[in-house]
Peer 1: 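Sharing a structure with you now.
In the text below, chain A, chain B and the rest are named by the order of the sequence lines, each starting its count at 1.
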2 protein chains.
Amino acid sequence: MARLKTHDEALRLRLINRAAATVFDRGTAALSLRRLAADVKTSTTAVYSLFGNKAGLLDSLYREAARLFVARLATVNSTDDPAADVIRLGEAYREYALANPHLYAIMFADRTVEYEPTPERKSEVGDTIAPLVDAVVRGQAAGQFKSGQPEVIALSCWGAAHGLVSLELSGNEPPGLDIADCYEATLRAVVTGWRRD
Amino acid sequence: MARLKTHDEALRLRLINRAAATVFDRGTAALSLRRLAADVKTSTTAVYSLFGNKAGLLDSLYREAARLFVARLATVNSTDDPAADVIRLGEAYREYALANPHLYAIMFADRTVEYEPTPERKSEVGDTIAPLVDAVVRGQAAGQFKSGQPEVIALSCWGAAHGLVSLELSGNEPPGLDIADCYEATLRAVVTGWRRD
DNA sequence: GAGCGATTAATAACGGTGTTACTGTTGGCG
DNA sequence: CGCCAACAGTAACACCGTTATTAATCGCTC
């Protein structure tokens, strides 16, 4: 019929990996499709036939980032002290963010013209913090947390973690404080605040 | 000596205002120096002689955003219930962010190659939350909060507020929740968590 | 086996960006 | 009056994402 396809899955993976490496240490703004194509020794056409456009490429990176994120949170296993599990999930959350700042940013921060997550991606975000919601539900069953919508308590913890991590990543933390200590103390404060009276 | 200066303070203000309007409703990425100059009916040279480059322009916008932010927080006056003051500061914080999402982003989120705040800007950020630190100090004096570094407690509250606001602005909030309620409940939980036992 | 047609991929072009070099204008002073 | 220095606008440069065009390559038919 026609010539052999070289814009295949293998090339797709090479592009994803190379793009992830660039985004990982310099952010989405520093990712150039022309440079990316040149680095992988193909043409820009490949990016467009495989991903549609730059947003499509970033969307694939988003999925990859989410996969790593979920995997990291999954390493925190449940115990019979759900409140403590929440704290440990928070620690894992911060560790992932600090280790992969730009991948973390793709998921939660970088809202530019270049990339706005599709609605389906956004709905997936809820799933990524499923372990947290689960811990809250177990904590409620164990009488460690107030009753009510577990998503509300989970969002509280998530927000606190995300906020402090964001401030840390953007360099907005006030100087002279031990950030790790503040982070843990905040998680504990939130958990304590949601305790059953 | 030479021809009359037209790249003066008045032009600077017109550029700032026009740029702020664009960033306000479309973000820093949508700000083009060429368009900006054309809108104000001058040349790109004006932007470079007045601000140095795009980062310099954004730095000026940062200062303007911070000024508005400080002014908004200043409308929350202190009462004899510092813990309640913290909650109300948090509400003001969210109101500002929702009303000026892109200006808020310049201060706390948009870390792109285009603009990284100078060290002096970052040190100013600490000052902007001075009212919060003040409320915490008063709360400690009134026995409402645990003793210790007030900055730690303030950072806790700030982080929680920033985190939830960020999630809300980026559209990452789980559906089916009343965000305003969650926000207030979280602030209360953090404040409760830092209560003196 | 040669030629054709379809499918694929690289190249070139378009309109945009930030930035800088250049050119021309404009004013005060000798 | 003419010069010269300060100034502002224009054009150029090197990029960017994207798209249209062109070239190359394979399978099938004759």
Side-chain angles (χ1 to χ4, degrees), chain A residues 1-16 18-23 26-62 102 106 110-118, chain B residues 1-16 18-23 26-62 102 106 110-118:
Chain A
M1 278 280 211
R3 63 194 284 189
L4 295 177
K5 231 181 152 79
T6 61
H7 290 179
D8 55 3
E9 197 63 22
L11 179 58
R12 179 189 167 89
L13 282 177
R14 284 199 294 146
L15 284 169
I16 283 272
R18 191 72 190 74
T22 302
V23 169
R26 292 191 292 144
T28 60
L31 179 67
S32 154
L33 299 191
R34 302 167 101 115
R35 283 185 66 90
L36 173 64
D39 288 348
V40 182
K41 275 158 185 55
T42 179
S43 61
T44 61
T45 312
V47 179
Y48 284 88
S49 68
L50 285 170
F51 301 97
N53 52 23
K54 185 169 183 177
L57 174 61
L58 291 178
D59 192 59
S60 293
L61 285 181
Y62 183 103
H102 289 111
I106 285 187
D110 270 354
R111 290 295 173 275
T112 66
V113 174
E114 291 179 345
Y115 177 61
E116 172 78 12
T118 58
Chain B
M1 276 283 207
R3 63 196 286 191
L4 294 177
K5 231 182 154 76
T6 61
H7 291 180
D8 55 2
E9 197 62 23
L11 180 59
R12 179 191 167 88
L13 281 178
R14 285 198 294 145
L15 285 169
I16 283 273
R18 191 73 191 74
T22 302
V23 169
R26 291 191 290 143
T28 60
L31 178 67
S32 154
L33 299 192
R34 302 166 101 113
R35 283 186 65 90
L36 174 65
D39 288 348
V40 182
K41 275 157 185 53
T42 179
S43 61
T44 61
T45 312
V47 179
Y48 284 89
S49 68
L50 285 171
F51 302 96
N53 53 22
K54 184 168 183 177
L57 174 60
L58 291 178
D59 192 60
S60 294
L61 285 181
Y62 183 103
H102 289 111
I106 285 188
D110 270 355
R111 292 294 172 275
T112 67
V113 175
E114 291 180 344
Y115 177 61
E116 171 77 13
T118 58

Peer 1: How many angstroms lie between atom CG of A:Leu11 and atom CG of A:Leu13, to the nearest 0.5 angstrom?
Peer 2: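 If I round to the nearest 0.5 Å, the distance is 9.0 Å.
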Peer 1: Could you go through nucleotides 22-24 of chain C and list every protein N or O atom that sits under 3.5 Å from one of its N or O atoms, giving the distance for each pair?
Peer 2:
| residue | atom | partner | partner atom | Å |
| --- | --- | --- | --- | --- |
| C:dG24 | N2 | B:Arg3 | NH1 | 2.9 |

Peer 1: Please report the distance, rounded to the nearest Å, between NZ in B:Lys41 and P in D:dG9.
Peer 2: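 About 13 Å, once rounded to whole Å.
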Peer 1: Give each protein N/O atom lying under 3.5 Å from an N/O atom of nucleotides 11-15 of chain C, with the pair distance.
Peer 2:
| residue | atom | partner | partner atom | Å |
| --- | --- | --- | --- | --- |
| C:dT11 | O4 | A:Thr45 | OG1 | 3.4 |

Peer 1: Specify the separation, in whole Å, of atom CG of B:Leu4 and atom P of D:dC7.
Peer 2: 10 Å
Peer 1: Taking all non-hydrogen atoms of both residues into account, name the closest pair between A:Leu57 and A:Phe51 and its distance.
Peer 2: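 Taking A:Leu57 first and A:Phe51 second, the nearest heavy atoms are N-CB, 3.7 Å.
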Peer 1: What pair of heavy atoms forms the shortest contact from A:Gly27 to A:His102, and how long is it?
Peer 2: CA-CD2, 3.3 Å
Peer 1: When all nucleic acid strands are considered with a 4.0 Å heavy-atom cut-off, which category describes B:Ser49: base, sugar-phosphate, or nothing?
Peer 2: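 No contact at all - B:Ser49 keeps every heavy atom at 4.0 Å or more from the nucleic acid.
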Peer 1: Please state how far atom CG in B:Leu33 lies from atom P in C:dG16, giving the value in whole angstrom units.
Peer 2: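 Going from B:Leu33 (CG) to C:dG16 (P), I get 16 Å.
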Peer 1: Taking atom C1' of C:dT20 as reference, at what distance in whole Å does atom CG of B:Asn53 sit?
Peer 2: 12 Å
Peer 1: Can you list everything that forms a side chain to side chain donor-acceptor pair (under 3.5 Å) with A:Ser49? Sequence neighbours excluded, please.
Peer 2: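 Side chain to side chain donor-acceptor pair (under 3.5 Å) check on A:Ser49 returns A:His7.
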Peer 1: Which of these nucleotides, D:dC26, C:dT20, D:dT19, is closest to any side-chain atom of B:Tyr48?
Peer 2: C:dT20
Peer 1: So if I take every side-chain heavy atom of B:Lys54 and compare against C:dT8, C:dG18, D:dA8, which nucleotide ends up nearest?
Peer 2: C:dG18
Peer 1: Distance check, rounded to the nearest 0.5 Å: A:Arg14 atom CZ versus A:Asp8 atom CG?
Peer 2: 8.5 Å
Peer 1: Mind listing the side-chain donor-acceptor pairs of residues 29-42 of chain A below 3.5 Å, one per line with the distance, residues two or more places apart or on another chain?
Peer 2:
| residue | atom | partner | partner atom | Å |
| --- | --- | --- | --- | --- |
| A:Ser32 | OG | A:Arg34 | N | 3.3 |
| A:Ser32 | OG | A:Arg35 | N | 3.2 |
| A:Asp39 | OD2 | A:Arg18 | NH2 | 3.3 |

Peer 1: Return the minimal non-hydrogen interatomic distance between B:Asn53 and B:Tyr48, and the atom names on each side.
Peer 2: CA-CE2, 3.8 Å
Peer 1: Please state how far atom CG in A:Asp8 lies from atom P in C:dT7, giving the value in whole angstrom units.
Peer 2: 19 Å
Peer 1: To the nearest 10°, let me know how far the axis at one end of the helix from C:dG1-D:dC30 to C:dG30-D:dC1 is tilted from the axis at the other, five pairs an end.
Peer 2: 50°
Peer 1: Flag the pair B:Tyr62 / B:Thr118 as yes when at least one side-chain heavy-atom distance between them is below 4.5 Å, and no otherwise.
Peer 2: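 They are not in contact (no side-chain heavy atoms under 4.5 Å apart), so the answer is no.
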Peer 1: Check the phosphate of D:dG9 against B:Thr42, side-chain N and O only, distance under 4.0 Å to OP1 or OP2. Yes or no?
Peer 2: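 So the side chain of B:Thr42 is within the cut-off, an N or O lying under 4.0 Å from OP1 or OP2 of D:dG9.
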Peer 1: So, is A:His7 near the phosphate of C:dA10, with a side-chain N or O under 4.0 Å from OP1 or OP2?
Peer 2: yes
Peer 1: If the condition is side chain to side chain donor-acceptor pair (under 3.5 Å), which residues does B:Thr44 pass it with, not counting sequence neighbours?
Peer 2: none
Peer 1: Please give, in whole Å, the distance from D:dT25 P to A:Lys5 NZ?
Peer 2: 17 Å
Peer 1: Between C1' on C:dG16 and CG on B:Leu36, what's the gap in Å once rounded to a whole number?
Peer 2: 16 Å
Peer 1: Can you measure A:Leu57 atom CG to D:dT18 atom P for me and round it to whole angstrom units?
Peer 2: 10 Å
